[in-house]
Amino acid sequence: QVQLVESGGGLVQPGDSLSLSCAASGGSSSRYIMAWFRQAPGMEREFVGASTRIGGNVYSTNYADSVKGRFTISRNNGKNTVYLEMTSLKAEDTAVYYCAADPASTAPRTAEGYAYWGQGTQVTVSS
């Protein structure tokens with residue numbers, strides 16, 4: 001059973017940067033597909049990006065069009081932690097951000113494709 005704990009959320013202004021962390025325990029995150037989703041009030045949970053192991057310590061990443069070029073997912077396997085670096089933040093990025101993990105998701109861009117979830121961390125972008 002993998003446990004995920006997100007941290008790093010907060011209130012920032014448009015154009016600012018923010019980094020979120022997802023610490024995993026109960027399993028090695030290096031072997032899992034690790035993803036970030038977000039959910040704004042009244043909206044469905046939305047895919048942000050995912051990191052997938054393709055061999056050894058090599059990972060591929062893919063992102064939603066809405067964040068491509070602004071958000072970056074990285075891993076520190078020694079710390080069993082995954083990060084979401086967010087730059088050029090916009091008001092529409094405001095949401096609760098969730099970390100998710102799955103050993104072998106067949107639908108990595110959908111919430112249903114992940115077995116393990118963190119509790120979420122709030123990101124608010126406002127002037």
Side-chain angles (χ1 to χ4, degrees):
Q1 186 81 7
V2 174
Q3 292 84 43
L4 304 173
V5 178
E6 303 96 335
S7 61
L11 172 64
V12 296
Q13 295 186 340
D16 282 355
S17 299
L18 192 65
S19 179
L20 305 182
S21 300
C22 172
S25 60
S28 175
S29 63
S30 65
R31 303 177 182 181
Y32 284 70
I33 300 173
M34 300 297 296
W36 289 93
F37 285 77
R38 65 186 182 186
Q39 189 165 20
M43 304 292 286
E44 292 187 354
R45 198 163 292 192
E46 174 190 28
F47 173 77
V48 173
S51 171
T52 304
R53 183 183 183 188
I54 57 175
N57 285 324
V58 180
Y59 297 85
S60 68
T61 52
N62 67 96
Y63 302 93
D65 288 344
S66 58
V67 306
K68 198 173 295 182
R70 299 189 298 122
F71 291 12
T72 303
I73 295 173
S74 62
R75 299 179 182 240
N76 184 326
N77 290 336
K79 294 185 177 180
N80 223 16
T81 300
V82 177
Y83 305 94
L84 180 66
E85 302 283 346
M86 304 183 291
T87 64
S88 302
L89 282 160
K90 307 174 182 179
E92 50 264 44
D93 295 318
T94 295
V96 177
Y97 282 72
Y98 296 90
C99 178
D102 198 275
S105 175
T106 59
R109 297 178 73 93
T110 69
E112 291 75 18
Y114 292 85
Y116 305 108
W117 290 87
Q119 82 290 348
T121 186
Q122 176 71 47
V123 173
T124 303
V125 185
S126 175
S127 56

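In plain terms, the two heavy atoms of Val96 and Gly120 that are nearest each other are CG1-CA, 3.8 Å. Contact between Cys99 and Met34 at its shortest, heavy atoms only, is SG-CE, 3.8 Å. Considering all non-hydrogen atoms of both residues, Leu20 and Tyr97 come closest at CD1-CB, 3.5 Å. The nearest pair of heavy atoms linking Asn62 to Arg109 is OD1-NH1, 2.6 Å. When every heavy atom of Val12 is checked against every heavy atom of Ser17, the shortest pair comes out as CG1-O, 4.4 Å. Ala101 approaches Tyr32 most closely through the heavy-atom pair CB-CD2, 4.1 Å.
To the nearest 0.5 Å, atoms CG (Asp16) and CG (Asp93) are separated by 11.5 Å. Atom CZ of Arg38 and atom CE of Met86 lie 9.0 Å apart (nearest 0.5 Å). To the nearest 0.5 angstrom, Leu11 atom CG is 6.5 Å from Ser126 atom OG. With rounding to the nearest 0.5 angstrom, the OG atom of Ser28 is 6.5 Å from the CG atom of Asn77. To the nearest 0.5 Å, atom CG of residue Leu4 and atom SG of residue Cys22 are 4.5 Å apart.
Ion pair Lys68/Asp65 flagged as a salt bridge, since at least one NZ, NE, NH1 or NH2 atom sits closer than 4.0 Å to an Asp/Glu carboxylate oxygen.
For Tyr59 (side chain) and Ser30 (main-chain N/O), a donor-acceptor pair under 3.5 Å exists by modelled atom type. At distances below 3.5 Å, not a single donor-acceptor pair connects side-chain atoms of Thr94 with backbone N or O atoms of Thr124. Panel note: side chain Arg70, backbone Ser66; a donor-acceptor pair is recorded below 3.5 Å. Judged by distance alone, the side chain of Glu6 and the main-chain N or O of Thr121 form no donor-acceptor pair under 3.5 Å. Using modelled atom types, one side-chain atom of Asn80 and one backbone atom of Ala24 make a donor-acceptor pair closer than 3.5 Å.
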Criterion side-chain hydrogen bond (donor to acceptor under 3.5 Å, both in side chains) on Asn57 and Arg75, from CA distance to verdict: CA-CA 10 Å; Asn57 285 324; Arg75 299 179 182 240; over 6 Å; no
Applying side chain to side chain contact (heavy atoms under 4.5 Å, CB included) to Phe71 and Glu85, what does each step give before you reach the verdict? CA-CA 5 Å; Phe71 291 12; Glu85 302 283 346; over 6 Å; no
Side chain to side chain contact (heavy atoms under 4.5 Å, CB included) between Phe47 and Thr110, worked out: CA-CA 6 Å; Phe47 173 77; Thr110 69; over 6 Å; no
Full working for side-chain hydrogen bond (donor to acceptor under 3.5 Å, both in side chains) between Ser127 and Gln13: CA-CA 5 Å; Ser127 56; Gln13 295 186 340; over 6 Å; no
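No path of Ile, Leu, Val, Met, Phe, Trp and Tyr side chains, each step under 4.5 Å between heavy atoms, connects Ile33 with Val48, placing them in separate hydrophobic clusters. Both Val125 and Trp36 are members of a single hydrophobic cluster when ILVMFWY side chains are connected at heavy-atom separations under 4.5 Å.
Asn76 places a side-chain heavy atom less than 4.5 Å from the side chain of Tyr83. Annotation: side chain of Gln3 is not in contact with side chain of Trp117 (no heavy-atom distance under 4.5 Å). Looking at Tyr63 and Ile73, their side chains come closer than 4.5 Å, going by heavy atoms from C-beta outward.
For CD of Glu44, the number of neighbouring non-hydrogen atoms (other residues, nucleotides, ligands) closer than 6.0 Å is 12 at most.
Under the rule for a salt bridge (charged side-chain N to carboxylate O under 4.0 Å, His left out), Asp102 has no partner lying at least two apart in sequence or in another chain.
Taking the centre of each ring, Phe37 and Tyr114 come in below the 6.0 Å mark.
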